[in-house]
Each structure stands twice: as structure tokens, then as C-alpha cells.
Amino acid sequence: MKLDNIYQEEKKSNFAKVSEIIITMASRPSGFIGLSILIFHVILAFISPYVAPYDFKAINPTLMLQAPSAEYWFGTDDLGRDVFTRTILGGRTALTITFFGSLIALLWGGLLGIFCGLVGGKTDDIVMRIVDAFLSIPWILAMLLIVSLLGTSTEVLIPALGFFYGKGIVRVARAATHDVIAKDFIVSARARGHSNFSIIWNEIIPNVRDAILVEGAMRWSWMLLGFSSLSFLGFGVSPPTPDWGLMISNARGLMSFAYWSVIAPIVGLSSLIIGINLTADAFAKALGIDRSTKAPV
Amino acid sequence: MTEIIQKVKNLSIGFKSKKGEEILILRNISTNIKKGETVGIVGESGSGKSTLALAMMGYVKHGLYTIGGECEFNSSNLLKMKNRDLEKIRGRKIAMIPQNAGQALTPNLKIGYQIDEALQLHSDLKEEEREKKISELLNKVRLPSPETIALRYPHELSGGQQQRVAVAMALAGTPDLLLLDEPTTGLDVTTQAHVLELLNFIAKDTGTSMVYVSHDLGAIAQVSDRIIVMYSGEIVLEGPSRDILKKPIHPYTYGLLKSIPKLSLAGLPQSMPGSQPQPGTIHRGCSFFDRCDFSEEKCKNNSPQLEYLEELNTSVRCFNHKSLMNDSQVNQTVNEIKTSTQDKEILNLSEVSISYAKQKLLDQVLNRISDDNPTVKDININIKKGETIALVGESGSGKSTILKSIAGLLRTKGGIIKFDQNRNLSSDLKERDPNDLRIIQLIFQNPDESLNPNHTVEEIIAQPLKLYFGLKGEELKKNIIDLLQKVRLGEFYMSRYPRQLSGGEKQRVAVARAFAAKPDIILCDEVTSALDVSVQAAVLNLLQQLKEDFGTTYIFVSHDLAVVRAISDRVAVLYQGRLCEVGPSKDVYQFPSHPYTEVLLGAVLEPDPDIKPKLVAEDIVEEKPPQKGCSFQGRCSRILGDICKNEVPTWQITNSGNSIRCHIPLKELQKDQIN
């Protein structure tokens, strides 16, 4: 029973709505932790170039594999570079690329899903079978193929990741659209003769937006893991750019005697993923969508 | 004095709002249920009647909690009991019959197994005895051939049969008290009458006490000995059923009875102004104050107490009940409807047929529909300008299907839909031009679904104005305010969302949206069935007023014959997608009529204990129309023989211009029906 709804009053401004959602998210412990971690990482990504104590690419053979000390907080790696500097800079690329990648995924996945849900019939059948076919390809193989054909530049990585993580959103957006489309207000709009575009824009998007945004937030954390895996395999950003996946890959052989060079990027990467996941869950709960009852598609 | 089996004492149930206020859903309820009696609890949605019934079995809905009072059963307070102890009472002592039996039965278990489960839990019978008991129970609820029914799955039964199974399951534990939460609301009129008759029989046969919760005074009138009327979480009137229905001494009940359309009265009933207050908004005074015709200054600030009147054996919550006592015979006055029918024909359906069958690949490729026994067939109706024509029939009769085809939402298999004598309307939405779409507008049954929850009232009404007339800015706003005033809503509604409106207000917004297109024809699909009775009358009156102002034609679909009687000029009765009878509404409601119309009319429940429904035919549900012959042959009690099975009857026209499609000559039909 939606008992509290009846007490809501006049129309709220968008700003008021957003701030209310954020306050609701932060009022839960898990949401507060998630939001704090995410905000910390975002701020760090902005300010790290100005606060980094050393040059991230300065190689110094005399400083190879130093243990953490007052001078080098997280120690140094096998080329004598400062691990602290590289760790705080290492999230920048991952965060930017995956953020824009998620936006692209949301956009094309969401719109295609809504479109398929609305028109149905043969168009829907054909498009969904293609999506299914793509879903069945192991993503890492397909990513490797694209990257090895087109290179590893940011301009390639963002659309490639966006494409690959968008196909899951297609399914979610289509399912959410199906929930809405049977309602009489859509029938009413159709009977009035509105165009498909107008129905999608005015009637469907306001009602499926929440579900798609939450799905997009979850995809972001998956994409981050995917991107770091690419870097780990050497297909992500190229050295000497600091990147967590790359750092883990380089230092993993030295783990037994220079644990510091691998632990710092691992903590960075996993904390960011946990932060995004917790935030997405809190976001879903604040919007009234309970992810715990639905399995991810 | 008979034994009291359930005692509700000063019960208050409520919830805490976000701001921390305590908001009461039930306010200080006290009542007793005696052994062997049937008590009807009646009230509009939100009056707390279901919450009260659930509390009677010790259940409080999630989010609500008991603020005070108790529900005493066998001298123990159910609301304080532990779940383990409640389990022993529920099912064995107190059983519940839900509203929607289709959803209450497990879909993948056979009927017999589900009843057996209830028996295992709630009785001490051994396996062989249980088997016997299952057929005994199924027999008791009058299901044909219990042995075969027991082996079926819920989906293989009709809605009425499912409800009977639910009754059988509730009876499995031989309970002392049976709670029924709107048990017939989702059923067709004929089925509803049959189920109520069964419940009456069971109450007499087993001596079980029943608490019957419903919004429908007609159904309550048929079953209950005593009636409790609830309003806004309070009992406002409680007493013997006959007295309450014949001489209501509370203004709310009085107004409610006046606002229900009756078969015997053409014309629109008077409406009650306003709507029930939201819980938590009444702080002092009588909760009915705003809507009451008898209110005085003292009602505003003082809350009346429930007063017991010895001579009438009735409790009433009103300061002025004495003035109502003298002249409270409900004198229903109706607003005569003015016919504004013109001679000009506006819509003509000829030979329309519609099929839902899945088409074969070849037909799909050739983009045609082939089906020799379509869902809807041979529909020929002329509709005149300014007329209100009603399509009536039970669910599955094809009435909404026809409406969808007129709106262009469903392709017809054949036939022509002609507008204004010369313009053919394509049955494909894409082939209609914007003007074709504008002239026909729809109003839906459920305003919760027909208004986009994320749009404000302004945005909702603006849509047709922008689409058809390209209005913008100030002009758009002026038009919206104009339309809102026409449906009796103020300007301040513009910024509200549908969830902030009551059911009646939402439906008014939907009406405003339909009229925004300046249509010639409005298709009304069960527009009042989701509304409370007091609001229903207001919406019907509004529709009539708008029709007189704009000269619009209404095609009105409804299963409620009394509503149809109130608003329509002409009625078309449908069975299995075929027309049975078409004629002016006053004639359709008189004999001779088609045997199916007779069944429908007989099953209408009126809020009067003296008018009992006449059960003419069995409440079987047919899934498909018959291949040949009369569409009603399967259920007709007057079937003549082979001629009905093989030949489609021709139209017979009565003196008053009523067309009946039946093989029986009119004179004989009339003779039989009047007896």
C-alpha cells in the first residue's frame, strides 16, 4: 500500500527531486558508504594531477622495489616509480573511459530496448535475436578482436565498451517498456495518433527512466572490471600511463617479495567497484525499485 | 440471546506517516458478530472495511499496526496472539474467502489436492475419509461432477467455479466464522447471483457466521441479516439489513442509496457531492460534514458518537438522525435525461467481424485474416448523432473488442465502419488521417492506468490540444483551464499528479482529455466500474451534461445494466460476439426480450432485500461461439431444438421498434417471460 503518497503535495522542481533522492540514498548505511567511496574516487580523479608528489613516469633504477616508507608511502615498483603517485592517478583513465562508455551504453541500449518493446512484432523478434547472438559471444574475445583491429586509443575503447555493455541494457529497457506499454495511457496516445517518437519521449521514457538508470549504474561497475581486465591483458591503455589493471599485471610476478606494488592498485580498483555497486543499489532503493528481488539479466 | 462469537472492542488501526504523525485507518470500532448471522460490511474504497475484516482474523497488513482495542474470539484477543496460536484458529475456526479466487488458488496443483491440503491442516480426518470429504465439499458448493473437477487445474475452471472451489476450501475446516472479502466483485452478473445464492444456502445449511465485505449494496442486500456501514474508518450506521436499506437514518447511507441507479428508474440518479476524506485529514467534527445535506453548525466542530436506538435495534452516528427517521423512505429522484438524438446517422457498422485467431503463415504473408468462426461476427449497428448507445454483455461478449475496432486499435476481419454516412474509417490506425483520429476519442475503465503517472494534469490535457490544434503558450493554458472547469475541477489541479487525485477526480481528468479533441464520438469503456457508487453518479451526470452541451455521441460499454438503463437511449445486447437484441432502452428492459437479456436482467442485484435475483439459466461459461445456429444455444433455457442449433435466427421486430434475434415467436416469448 502506498500510504505515504497521498500526503505528497504540489509539483517539485527537478533539483528538489534529485536532492531528495540523494538524501534518501545517504540515509542508509550501505548507501552512505557507497556514495562516500564513489565521491572520494571522483574527487581524487580531478585533483590527483595536482597533488601527486612525484612524476608518474620518472624511472629511477636506484629506487627499485623500495618498501613503503615516509618518503614513498606505498613504496616503489620495479622501475623505481612511486606507487602512491601511480595509484592515485591510476583511476583517472578507468573512471573517465568507463563513465562515458556507460553513457553510450545507456543511450543506445535504452533507446533500442524501448523501441523494440514499443513496436513489437517482427522488428522486435529480429533485433532481439541479434542482441541474443551478441550476448552469447564471450565478451573478452570480442573486445580483444576489436582492440587488436582498431587499436587501444580512448576513441576506440569508449564506443567499444559502450557497445558491448549496452546489449544487456536493451533487454532491461525492453522488459521495463513491456510493463508500461499495456497500460491504457499508451493505448490512449496511440488512439489519438501520436507518433512513435512522441510516445517514446512523452509516455514511455518518464516511466522506464528509473529502471534504466539503475541498470546503467550496475553496468558501469561491470564495465570498470572489464576495462581493467583489458589493461591487465595488455590491451587497455598503453604504458607508461598509470592504470590499475596495468599496474596489477606488471607487479603480479613480484607479489611474493614486493606485495606493496600490487596491493595498492587492487585496493583502488575493488573499492571503486564496491562503491559503484553500493551506490547503484541505494539508488534503486531510493527510487523504489528493489533489485534484490530481480535477477540481473 | 444468541452467543457472540467475535467481539471487536474499541479497535483502532493505523500507521505512522513520514512526518511521524499517527494516522488512523480504523477509528474506535466496536461491534459483535453473533453465532449464525451474516453481517455485511459496506463502504467505499478506503473506508477501512477490509482492514476490519482482516483484523477479525488477527491479521494486520504490513505497514499498519494496532493502536488500541482488541478483537476477541473465543475470549482471547487475536491481535495479541502469537503466530503459532493464530495458525490453530485460522482455517479451523475462522476462514477467509478472497476476492480473486483465480489468484488465490495455486495454478500448478489440482483442485482436489488443494482441498486435501486444507483438510490435512484443518481437520483430523484420515486419508480415505478425506477423499470422501472432498467430493462432499465440491458437491456442497454445487460443482458438477465433483470427481472430475477434483482432477482439474484452476485454469481449467471458470471464474465462478474457482470462487466455488475457494468456498469449498474455506469450508474444509468447518469454521465458525467465514470472512468474505468482496467474493463476487470480479465475477459476471449472472455468476455473481449464483454464487450469492450458494452463500445464502451455506449460511443456512451449516449455521456458519459470515462477515461479508463489499462495496456493492446490491450484493450485501441479498446475503446479510445485519449491515454495518463504514465511512472514513468509522461505523456510521449499524442495524438490521431491511431497516437500513429501506429506512436509512444516516445521511451517508441515505445519499448512497439515492445515488445507485435502479432498473426500474430511467434517468440519472442524484450524486453525492465531494469524496471521502483521506485518512488523517479529519481532526474534529463529523467526517461526513462536507458532503452532508443535513449538516449544521455543531457538526463542524463536534464529532457525533455512535448512538444505540433501542426501538430500531440500530446504532447511528449522527446528530440529526431524528429528522431523517420521519421521512427517510428513500424517495429516489432522478434527473430525466434529455434525448438529443438527431436523425443524422454518424456511425454505421455493417457486417463487422473481428478475429483473435492466430493467423497462418500464408495469411500473414498475404496480410489477410481468415477465420470461419470469428470472435465477433455480423455486427450491424447504426448510430445517430447525439445518441448514447450502450453495448452490454458479460465478459467475453466482445463489447470492448468492438469498441477497439471503432477506435482503430484492432483490425477487423471484415465489414465496413462508416463515419458521417460517407467516410469509410479504415480499421488500421496507420491508415486513418489525424482528423479521423480526432473525431473518435476513448475514455477508459481505470483512470489509474489511463493517465500517465509521471505527467501533471496540465501535461495530460495539453496532449490532444497540442497534437490536433497545435496550441501553445497562453492559449494552451486558457484552453486547459476551460476544460478543467467544464469537468468541475479548479485551475489549481493543473500542477497535480494523478496519484494526488481521488478516483473520481482522475476520471474527470480523463473525460477532459477526451473532450479536448472536440470529438464527435466518445467511446466509454466501463467508465464507472472502477469508481465508488457515490462518485459514479457524479461522473454519469457530468457525462450527460457535457453531451447536452457539445452534442457528442457516446458509445457506452458496460456490464452494469442499471447504469446502462440510467444513461443510454439505445441498448445493444451482445452474447459471444453476436448481437442478440437491439432497441430503445426502455423497451429492451421490458418483455418480450431475448432469452439472454432475460437472464441478464434477472441477475441484476438491487439494494433491496425484497427484490431477489431470478436465476434463469446456468452460469456456464462458453469459451467459443458455436459454429452454427444461435449464439446463445448453449445456455438457453427456452431452446426449441434443432432449429436453434443449426440456423442463425432472423431479426424479429416488436411494435416499439425493438429487434430481437430469436427463433421463438415474440408472442410466446412474452407469455413465458411474464409468467
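Below, read A as the first sequence line, B as the second, and so on, with proteins coming before strands; counting in each chain starts at 1.
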With a cut-off of 6.0 Å (strictly less than), are more than 12 heavy atoms of other residues, nucleotides or ligands near [atom1] of [X]?
X: Phe32(A); atom1: CZ; value: no
X: Lys404(B); atom1: NZ; value: no
X: Glu22(B); atom1: CD; value: yes
X: Phe115(A); atom1: CZ; value: no
X: Phe40(A); atom1: CZ; value: no
X: Phe100(A); atom1: CZ; value: no
X: Phe134(A); atom1: CZ; value: no

With only heavy atoms counted, which part of [X] is less than 4.5 Å from chain A, the side chain, the backbone, both or neither?
X: Pro434(B); value: neither
X: Leu451(B); value: backbone
X: Gln463(B); value: both

Interatomic spacing from [atom1] in [X] to [atom2] in [Y] - rounded to 0.5 Å:
X: Asn454(B); Y: Asp210(A); atom1: CG; atom2: CG; result: 7.5 Å
X: His194(A); Y: Leu467(B); atom1: NE2; atom2: CG; result: 4.5 Å
X: Asn452(B); Y: Ile186(A); atom1: CG; atom2: CD1; result: 7.0 Å
X: Leu429(B); Y: Arg192(A); atom1: CG; atom2: CZ; result: 12.0 Å

Given the options Ala514(B), Pro464(B), Gly408(B), which has more heavy-atom pairs under 4.5 Å with chain A than any of the others?
Pro464(B)
Would Ser188(A) and Arg513(B) satisfy side-chain contact (heavy atoms from CB on, under 4.5 Å), going step by step from the backbone distance to the final call?
CA-CA 10 Å; Ser188(A) 169; Arg513(B) 178 176 65 186; 3.3 Å; yes
Using non-hydrogen atoms and a 4.5 Å limit, figure out which bit of Val180(A) sits close to chain B: side chain, backbone, both or neither.
neither
Can you see which heavy atom on Leu437(B) is nearest to which on Gly193(A), and at what distance?
CD1-CA, 3.4 Å
Side chain proximity check, Lys183(A) to Pro453(B), heavy atoms < 4.5 angstrom
no
Would Asn202(A) and His455(B) count as a side-chain contact (heavy atoms from CB on, under 4.5 Å) here? Give the steps.
CA-CA 9 Å; Asn202(A) 289 319; His455(B) 284 178; 4.2 Å; yes
